[in-house]
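Before any comments, here is the structure.
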Amino acid sequence: MESKEKYLLRMEHVSKDFYGTKVLKNINISVKSGEIIGLVGENGAGKSTLMNILFGNPIIHETGGFEGKIIFDGKEVNFASPFDAINAGIGMVHQEFIFIPGFTAIENILLNKEPTRYSFFSEIFGDKLNVLNREEMKKRAIEAIKILGIELNPEIIVKEMPVGHKQFIEIAREIDRKLLKLLVLDEPTAVLTESEADIAMKAIKKLAAKGVSVIFISHRLQEILDSCDRIIVLKDGSVQKELIPSDTNPREVAEYMIGHELTKSIWKSKEIRKISETILEVNNLWVDMPGEQVNGASFKVNKGEIFGIGGLTGQGKLGIANGIMGLHPAEGEVKFKGKPIFLNNSKYVLEQGIAFVSEDRRGLGLILDQPIFKNITFTAMQIKDMFLKSLLGGLIKWSDDKAMFKITREYIDALQIKCESEKQLVRELSGGNQQKLCMAKVFVLQPELIFVSEPTRGIDVGAKSLVLDTLCEYNRKYGITIIMASSELVELRAICERIAIVDEGRISGILPPTAELVEFGLLMLGIKSKKRETIGK
Amino acid sequence: MKKKIQNIIENFGLPRIIIFLFLVLLFILTPFVGIRFDTSINDIIVRFGMNGILVLSLIPMVKTGCGLNFGLQLGIIAGILGAVISIEMEMIGFTGFFTAIGIAIFFAVIFGFLYGLLLNKVKGDEMVVATYVGFSSVSFMSIMWLMLPFKSPNMIWAYGGSGLRTTINTKGYWFHVLTDFLKIKIGNYIFFPSGTILFFAFLTFLVWAFFKTKIGTAMIVVGSNTDYANSCGINVDKMRSISVILSTVIAAIGIIVYQESFGFIQLYTAPLFMAFPAVAALLLGGATVGKASIKNVIIGVFLFQSILTMTPSVVSNIIKSDMSETIRIILSNGMIVYALTRITRVRT
Amino acid sequence: MRKKSLTKTMNPSVLFLINYAVPIIFIILIAFAIPLSGLSGLYFIRELMIRLSRNSFLILALLIPVMAGMGMNFSIVLGAMAGEIGLIFITDWQIVGISGMLLAILISTPIAVLLGYFAGIVLNRAKGREMVTGFMLAFFMNGIYQLFVLFGMGNIIPISNSSILLPRGYGIRNTINLLGIRQVLDKLIPLKIGDILIPVATFLVIATLCVFITWFRKTKLGQDMRTVGQDNEVARVSGINVENTRVLSIVISTVLACYGQILFLQNIGTMNTYQSHEQVGVFAIAALLVGGASVAKANIPNVFIGVILFHTMFVVAPRAGKALMGQAQLGEYFRVFVSYGVIAFSLALYAWRKRVEKENERKKIMNYRKSILAK
Amino acid sequence: MRKQIIIRTALVTALILIGIFLYVIGKEHKVVIDNRDISIGDITYSASTTYVVWVDNQEIGVIKKGERNAAIVTGVSHKIVVEEIKSNVLTGEKHEKRFRLKTNESATVNIPAIINNANEWIDKTN
């Protein structure tokens, strides 16, 4: 054990719970000056909560603070706001761009920390009336860019820069802080090409060589292995393992991250059905869904199967369904039952017999301020002309409330939706019951294929299994093909016959549910082994 | 108990309660300042019938999330066109009235269609664009009233000059055809304009019924949650267009009923600010920028017209000067500002 | 069928035409109207000179909120009201000349600051709908102004000069004669070229304001406003007090509008107590938009181009209407139509372009991704 | 910080002072000019001829015997000049007087008193 004084940051026994749920358990992390720490972990492993605690994000205080100690630069700290953290010398580069597109690189790098020159009016109206010192701004921006080691004209308006350069602006902004001691990088390379990522990594190493410590969060395992001094693996809110890159390999990291399992498989179904007929064929699909972009995904789904799509958050597993359903701009070739279907047209896709249970239940799955029976029947009424009475020889299509009530009651019983009556407002239902409602809404349409996205997110355990069981039941009973995207590998492996893993917007491999857990992990982390056997080509 | 009261206040809305109490106070004061109670009631009922349909016309657009129709004047212009053309055609009585409505609907559909196209292009900024579309259409029509070749001596300036008069009398054509239809007289001072009220009720029923049909339902979906509507395959722009056309048509009918009851067709700049009182009445009835119902229309028109009728007479009698205009400005515009600052941004 | 992409690649000359549609239409209109009106060049220059000196200041007051992303500030009417209150007081006290005008400015400044602060807070509560709210707020405050001036003055606020009071003993008359300060600034530095009087001092004041605005853009506060104007959220996470900055922009605009109105009325020489301010916002905004500004971008040249184009139209329209149709009234209506129409058209054009640009931006990023990832 | 408070207070004070100053120098006063007989104490000065009057270098006009005229003046210190006129020709005989007016004061001046250099040629009223 080295002496404690050498550490720039020590987080000791840090624990945190949100409304009774422990999300961080007794975390101990130390960072030396000039050290690059790789922080890896699945979604929900606690990476972001940990960083929020470090930065004094208001969410932490609003939910009752945290346990444990943070010692930064020799002093115990508990930042009240991110600005305090920044003032203490901690910088953060976010995954999404935070800058003003219409400003020049200089203005963005020095955003709200512009050097100023004295002006007389500031005596009366305050410092805000000092004049910007443009020359000084330019000098500092150039300095920061120089450290990054890239060619970048600081006078260019950021909007007109190549996308790859935009990320550098943010890194440069943090570098510019004179007292920067610790830099947290949250997936900084996600939008960069390989060569750009290389430059960025080089810049980060240069920075570390100057004594700045770096916490590097990335899901690109190779990058982490190549550039970090130490790797900390988080799992389920605790530090699973600390590794030294030279002593480990991707497989080991993935194992620590995803975990071992004792039994080989948790697959529920007894038989592997023999299915050969293709119902959906997707070729080179591109979807422009913010935060879930799909970059040329291709796969085939067989008729009657339950097909799983897994992967880390933000890698595009949700984009596939949203793109095909016409909810976000999509390009590519999609064939349903051998026939090409038009993209970007929700109505057409619904009419073909494809339906969607969205991950955004409250946003686009339901109308919260309308009663249950309307929510269940709206789509069917619009797409299939159900629940309508024809008046005056078909001139007027009058809504048939009785038929609506009838079918609503059927589904309330079938899916065990807990509610006062079919007229209750959806807003008042629990998350699990809302999810069931979303499914009922889709079943009413009697589709041949259903996309289901994150069906168990945010609902309690009992409802979870009921939702999954219902999906299985409808699949078996009516032969509905189901394509389920989920962040929970466990549930994918419990009910899917094949599981595709998405990484950076593409299918990185398709595995059977019985495959080893670490195989899934490696696919998610972008480690592709040519030898690895995948099924279903 | 306390919670219950709080609930009632929340449901009914504080401004409405204040205005309601104020109204009660005014009614109590009437005998003391020497105003006849029954004539006041009569005024309110007549004004209710006059203005009800104009306020009702706002409903379809609010329901599809197009916001408050500050471009109501477009419908009014269609209505005026219908009215003046029917007079030009020398149509009298109910024939004239319904001819006016028929022609007005024709124009309203065309205007509404174009207006809808425009509003679909400016999603999120509908209200401010609508305001100026309303204003500019009124001023454009001012030019037209001067230039259109109307011939009827009852409408053009008596002393040479071309163009229509600023006010045209509907007497001799279809003045009070609705008001006097099945009119019930109660005592000397009160009469109940059954025709107007029935006509308002009929249109209200039509609007209610429309929202029970497939298209109507789709429109409600669009207004409640655009993303949901998209995911149901509903053509959002089309539904919005239909609602704009519908609003414009109802407004056109509304102004004809107004003229029928009022006795005059007001041209040129008169319709310029007609959207604001209608919007204010709806908001006073409890509507918000994103949500409105027929209940809001009825409560709103009643409260708003009562205030407008009662305040001037009572207050002027107390302070011996006419504050009605000032009160109207503060009340109606204040209500709109209040509503605009309270809304959460509608999803786009 | 729902169109998801607007992939029309904008060719630069088409883009230019769309961006400057309003000024281009105006130039064409004027080119037709000037010969029709049959006005002499000299008359024309004199009129333009007056209108430039009279209106520029008010329009310049609009620039700062645009910078802060709050669009066209329809609530400058509040500033105009503050200025008028100042003028009422100096008329009552019989303070004349330049000192009267300065005193009016001094009195109305705190009122304008207060009103601007109030407007700023209201507009902050209506984010995304600043323009329609500002517009309604102007109407609402007009009611309050009436209450104050028509019922409060002479009652609660002592007014001694009976010549500005209504015969009933309280409330201000419909028109107030501002003889005491009539054109005091315009004639402060006398300069006549031929027949035309040049209001040198007024132009100096306007020039000072231009310098101020240019300087203000370079201050930290100016930079903050630009940041807030471009992106509220980014501004907030980088530590800028967004709400405060927005309120300040409205306060500055309101105060400038107040001075602008005083400047305007000293040129006119009479004040319509209840109407002078009503159309201030509409005309100023229409002029600025005619000058090629948009809801998101407005600069000093826009102001002057706007005044020249818009007011040329104002001068020639009634004459042209008369020549064309034999009715001056037609021209009157036409210029009102143009003012409203310009605003409607520009706002609609801007809202539409904003959407197209957003889509294009996304498209660009998507194409970039495709180009680097599709191998 | 303290410096700022001092500067701001000074500024506000200065503005208030400027306001008062502007009020004083911009205030209008009415000056009535009489060409009438006047008795001050025991002495009576009688008006006998016609005069041209200038106030603050501004010509007020011709005031005949027994008539009065008024001038509106601005500010504090003022100058009045009277010159006799005979058969439409100025005689060149000028009399000049200076006077100061407080805020809210108006004044009546008497030409015969001025001509005779009487002490109480001006009567100031609030």
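Side chains included, hydrogens not; waters and symmetry mates left out as well; all remaining heavy atoms used. Each chain gets a letter, A, B and so on, in the order its sequence line appears, and its residues count up from 1. Keep in mind the model is a prediction, meaning the values are calculated, not measured.
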**Q.** Verdict with supporting geometry, C/Phe139 and B/Ile329, side-chain contact (heavy atoms from CB on, under 4.5 Å)
**A.** CA-CA 7 Å; C/Phe139 272 98; B/Ile329 292 175; 5.5 Å; no
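The line from CG of C/Asn142 to OG1 of B/Thr326 is 9.0 Å long, rounded to the nearest 0.5 Å. Atom CE of B/Met127 and atom OG1 of C/Thr133 lie 7.0 Å apart (nearest 0.5 Å). Expressed to the nearest 0.5 Å, how far CD1 of B/Ile143 lies from CZ of C/Arg335 amounts to 12.0 Å. How far NZ of C/Lys127 is from OG1 of B/Thr341: 13.0 Å, rounded to the nearest 0.5 Å. Note: C/Arg125 CZ to B/Tyr338 OH = 8.0 Å, rounded to the nearest 0.5 Å.
Within the 4.5 angstrom heavy-atom criterion, no atom of C/Tyr350 approaches chain B. Heavy-atom distances place the side chain of B/Leu118, and not its backbone, under 4.5 Å from chain C. Contact annotation for C/Tyr145: neither backbone nor side-chain heavy atoms come within less than 4.5 Å of a heavy atom of chain B. For B/Leu68, no part lies under 4.5 angstrom from a heavy atom of chain C. For B/Met141, no part sits under 4.5 Å from any heavy atom of chain C, backbone or side chain. Within the 4.5 angstrom heavy-atom criterion, only side-chain atoms of B/Thr131, from C-beta onward, approach chain C.
Residue-environment remark: CZ (C/Phe151) exceeds the threshold of 12 foreign heavy atoms within 6.0 Å. Within a 6.0 Å radius of CZ in B/Phe273, other residues, nucleotides and ligands contribute more than 12 heavy atoms. Environment of CZ in B/Phe113: sparse, with no more than 12 heavy atoms of neighbouring residues, nucleotides or ligands closer than 6.0 Å. Atom NZ of B/Lys291 sits in a sparse spot, with 12 or fewer heavy atoms from other residues, nucleotides or ligands closer than 6.0 Å.
Heavy-atom minimum distance, B/Val133 versus C/Ala344: N-CB, 3.8 Å. Across every non-hydrogen atom of C/Phe140 and B/Val337, the tightest pair is CB-CG2, 4.1 Å. Of all heavy-atom pairs between C/Arg355 and B/Asn120, the closest is NH2-O, 3.4 Å.
Relative ring orientation between B/Tyr132 and C/Tyr340 is described as tilted, the plane-to-plane angle lying within the 30° to 60° band.
When each of C/Leu349, C/Val336, C/Ile343 is scored by its heavy-atom pairs under 4.5 Å with chain B, the top score falls to C/Ile343.
Of the candidates C/Lys354, C/Arg353, C/Arg129, C/Lys354 is the only one forming a salt bridge (charged side-chain N to carboxylate O under 4.0 Å, His left out) with B/Asp125. Exactly one residue among C/Phe337, C/Tyr333, C/Phe334 makes a side-chain contact (heavy atoms from CB on, under 4.5 Å) with B/Ser139. That residue is C/Phe337.
No close placement of the B/Phe70 and C/Phe135 rings is indicated, their centers lying 6.0 Å or farther apart.
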